[in-house]
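Only one structure is covered here, and it is reproduced in the block below.
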There are 2 protein chains.
Amino acid sequence: MELQEGFIRYLKDNRYKQTKERLDLIGLLSNIKSHFDADGLYEKARTASITASRASVYRTIALLKKSGLLNESIRQDGKALYEISPGKQHHDHLICVNCGRIEEFTDDVIEKHQEQIGKKYNFLIKEHRLEIRGYCSRCRRP
Amino acid sequence: MELQEGFIRYLKDNRYKQTKERLDLIGLLSNIKSHFDADGLYEKARTASITASRASVYRTIALLKKSGLLNESIRQDGKALYEISPGKQHHDHLICVNCGRIEEFTDDVIEKHQEQIGKKYNFLIKEHRLEIRGYCSRCRRP
DNA sequence: ATATTTGCAAACGCTTTGCACAGAA
DNA sequence: TTCTGTGCAAAGCGTTTGCAAATAT
């Protein structure tokens, strides 16, 4: 809901047109909670009988990135995975190398400690990304 | 030095042939301290009048990854960046979004704290990757 | 009416691969 | 001699782009 409103406002504010494709895609995205890739969104659109070419999917994703409503979270097998930003605080990812499941977590200790690292290396931090790979609770051998 | 010996041993142990291309490339790599990409290595080879096709460069890199002598450290602009493993403890990266410089750092607090995260989420950690992006000491506005 | 957006297919950049020849064992 | 490795050029993959037609404003 918040996502659709945000996007429509962004389109208006920047004099982008509210095309059927853009509105349909953002509608689809409102129901996606987890991480998705461009082709996944395209396929989901086809299933929902939404006509939007792959090109439009990519272009809409690019627009959403610019608007700040969408984040490129991680890359997997050469593909970019996206996640919706609103209502999400910064978090990192636990990625299961066996089943591919992606779990999110937040950790204050690490979050805070990065500031120290920035100071130590005289580095002005804009963003950080921590990916932990291994076996999730379902896949780890007991 | 250690790298060349390690690679030659790996080739022997696995009955891979010691071809001119493989030996020349590993020789080049011994002089590379920092991160490099496949095409960078290919160009460096051409400059050094080493004849190795791009295909052989990629295949040699793949072999080095299998041997554990090379790590794919990060991805930048769709390209894989590699670094040589021997004699390197685990470290993370500070990446300047302005000049592209990559600085390595190690941090015990974060290193140790990951174990706790693993426990908390019942996740068997195999590896992790922390990338901090921002402005390096040279590029940050004062 | 007019400028933006679309779909298509071609182009892209990085990487991998099939094949016939070259070369290490 | 035999089997692996090479170079080349083509294919593969996710993504981007040029262009003419479609459409929101």
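So that the names make sense, note that chain A is the first sequence line, chain B the second, and so on, each numbered from 1. Keep in mind that this is a model prediction, so the values were computed, not measured.
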I'd like to know if Arg54(A) reaches the base of dG14(D) with its side chain such that a donor and an acceptor end up less than 3.5 angstrom apart. no
With heavy atoms under 4.0 Å as the rule, sort Ala80(A) into base, sugar-phosphate or nothing. sugar-phosphate
Using a 4.0 Å heavy-atom cut-off, does Arg15(A) contact any base of the nucleic acid, only the sugar-phosphate backbone, or nothing at all? nothing
Ignoring hydrogens and geometry beyond distance, is a side-chain donor-acceptor pair present between Ser56(A) and Glu21(A) at under 3.5 Å? no
Can you check the distance between dG7(D) and dA11(D), where both ends of the measurement are the C1' atom (answer in whole Å)? 16 Å
Phosphate-side-chain proximity, Ser56(B) and dG7(D), N/O vs OP1/OP2 below 4.0 Å: yes
Check whether any side-chain N or O of Asp77(A) sits under 3.5 Å from a backbone N or O of Lys79(A) as a donor-acceptor pair, and report yes or no. no
From CG of Leu63(A) across to C1' of dT15(D) the rounded distance in Å is 17 Å
By nearest-nucleotide position on DNA chain C, the 5'-leaning member of Thr51(A) and Gln18(B) is Thr51(A)
Can you tell me how far C1' of dT4(D) sits from NZ of Lys20(B), to the nearest Å? 15 Å
Under 6.0 Å between ring centres, would you say that holds for Phe123(A) and Tyr135(B)? no
For Ser73(A), is there any backbone N or O sitting under 3.5 Å from a side-chain donor or acceptor partner on Asn71(A)? no
Leading and trailing nucleotides of DNA chain C with any atom under 4.0 Å from heavy atoms of chain B: dC14(C) to dA25(C)
Examine distances only and state if a side-chain atom of Asn14(B) and a backbone atom of Tyr16(B) form a donor-acceptor pair shorter than 3.5 Å. no
Looking across every strand, which nucleic acid part, if any, lies under 4.0 Å from Ala52(A) by heavy atom: base, sugar-phosphate, or nothing? sugar-phosphate
Check: protein-nucleotides 20-23 of chain D nitrogen or oxygen pairs below 3.5 Å:
none

Spell out, yes or no, whether Leu124(A) and Val97(B) are grouped together once hydrophobic residues are joined by side-chain heavy atoms under 4.5 Å, including indirect joins. yes
Report the distance from atom CG of Leu64(A) to atom C1' of dT15(D), rounded to the nearest whole Å. 16 Å
Both Tyr58(B) and Thr19(A) contact DNA chain C. Taking the nearest nucleotide for each, which residue is further toward the 5' end? Thr19(A)
Asn14(B) has an atom CG; how far is it from atom P of dG5(D), in whole Å? 11 Å
Between Arg22(B) and Lys17(B), is there a donor-acceptor pair closer than 3.5 Å when you use the side chain of the first and the backbone of the second? yes
Do His128(A) and Glu111(A) pair up side chain to side chain, a donor and an acceptor below 3.5 Å, judged on atom types alone? yes
Which whole-number value in Å describes the distance from Asp39(A) CG to dG12(D) P? 16 Å
Short side-chain donor-acceptor distance under 3.5 Å, Glu83(B) and His35(B): yes
